[in-house]
Amino acid sequence: MVAFRKNNASLPATLALEPLVLFEPLFSALSGIADREIAIGVSGGADSAMLLVCASQIAPALNKTIHAVHVHHGLQAEADGWTRHTAELARDLGVACHILPVLVPPDTGKGTEAAARQARYLAYQRWATQFACPHFMLAHHRDDQAETVLLRLLRGAGVQGMAGMAAHARRGPLHLHRPWLNVARASILAAAREYESRTGWAAVHDPSNVDPKYTRSAVRALLSPVLNARWPQWQGSLLRHAQIMQESSQLLADLGNIDLTGCDLSADRRRFSLRAWRLLPAHRQANALRQWLAVNGVAMPTQARLAQWVKQLREVHALGHDRNIMLKHQSCHILCQRGWVVLQSEQGEDWTQALRHD
């Protein structure tokens with residue numbers, strides 16, 4: 001039994017192997033969240049299971065309540081068993097477990113991986129709204145981050161994409177926290193083996209994680225072994241590159257905020273002046289539009305879609321009334337209305353009330 005002490009808080013650890021590697025970044029992340037209720041996205045795999053185990057040990061010292069949230073995608077024959085297994089872990093830890101069944105549409109055109117991810121985050125959003133618990137912790141780690149940067153490089157992502165996953169990000173109403181982005185998966189797997197030896201509970205294994213028909217799995221199963229053999233430090237190099245891109249992304253965000261302020265951004269951040277935006281240098285218009293979506297917690301469109309939006313906004317009449325502009329993106333619309341570019345909810349929530357009182 002090892003105790004981890006930080007800021008005069010003694011944290012009992014059933015995981016004796018390298019406790020600081022897992023506990024310290026998680027403790028820091030939990031300490032930085034003012035809310036008491038915290039959700040952990042748990043699939044039943046080793047990574048998310050160990051995040052739940054560690055969080056459940058740290059939570060009492062920080063007066064936090066942990067919720068295990070498991071999304072049942074129904075894509076594998078073993079999915080029902082994974083759900084029961086995850087609920088068993090939560091019960092052993094004394095943590096509430098919430099099971100969220102989802103239907104993954106087969107014909108989105110984006111592939112099963114992307115469709116499942118979209119369905120999962122939408123389920124998280126609905127649950128977060130229902131339970132007033134917007135802070136979600138996810139178990140993405142150093143290896144995931146390196147794979148993400150590599151995939152985005154292969155897909156031709158821009159600066160923001162090459163920054164990789166953020167330790168804290170907004171997605172709609174969600175605050176997503178990834179405390180283990182600098183933790184190697186080997187440390188997590190070692191903890192999972194130790195936890196199994198102490199308790200008998202073993203993490204589940206999703207066969208899709210090594211099935212090369214899925215893009216990320218192909219990188220993991222086919223490309224990573226070659227890179228490991230030829231360039232053993234490739235992950236560290238990509239992570240340093242991601243850090244540089246994160247700094248560059250922050251500079252672009254700062255510039256975008258300056259430009260949005262100059263475009264008379266409204267107090268609720270959901271509208272800005274089309275005329276003022278059109279006065280920006282052409283190379284800053286897309287960046288301002290991208291930052292506007294970011295401050296509203298809207299996922300980024302593809303580069304091609306963003307370029308099309310910019311083109312339409314440049315061509316529409318400055319007062320936005322010579323044609324009907326309604327740009328659909330995920331669960332919202334971008335409208336041109338009386339000289340303003342407006343973000344409006346697809347569900348009918350009226351974000352334009354203020355316009356009628358100007």
Which atom of Val71 lies closest to which atom of Ala123, heavy atoms considered: CG2-CB, 4.3 Å
From CA spacing to verdict: side chain to side chain donor-acceptor pair (under 3.5 Å), Asp254, Gln250: CA-CA 6 Å; Asp254 292 345; Gln250 186 57 57; 2.9 Å; yes
His177 and His175 aromatic ring geometry - parallel, tilted or perpendicular at 30°/60° bounds: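 Parallel.
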Is the distance between the ring centroids of [Y] and [X] under 6.0 Å?
| X | Y | result |
| --- | --- | --- |
| Trp340 | Phe272 | no |
| His140 | Trp180 | no |
| His70 | Trp82 | no |

[Y] backbone acceptor or donor facing [X] side chain under 3.5 Å:
| X | Y | value |
| --- | --- | --- |
| Gln145 | Met165 | yes |
| Trp201 | His85 | yes |
| Arg278 | Arg314 | yes |
| Asp35 | Glu37 | no |
| Asn63 | Ala59 | no |

Salt-bridge present (Arg84, Glu88; N to O < 4.0 Å):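 Not counted as a salt bridge, because no side-chain N and carboxylate O are separated by less than 4.0 Å.
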Hydrophobic cluster (4.5 angstrom, side-chain heavy atoms) - remaining members for Ile244: Val149, Leu150, Leu151, Leu153, Leu154, Val159, Met162, Val219, Leu223, Leu227, Trp231, Trp234, Leu238, Met245, Leu252
Distance-only polar pair, side chains of Arg126 and Thr129, donor-acceptor under 3.5 Å: no
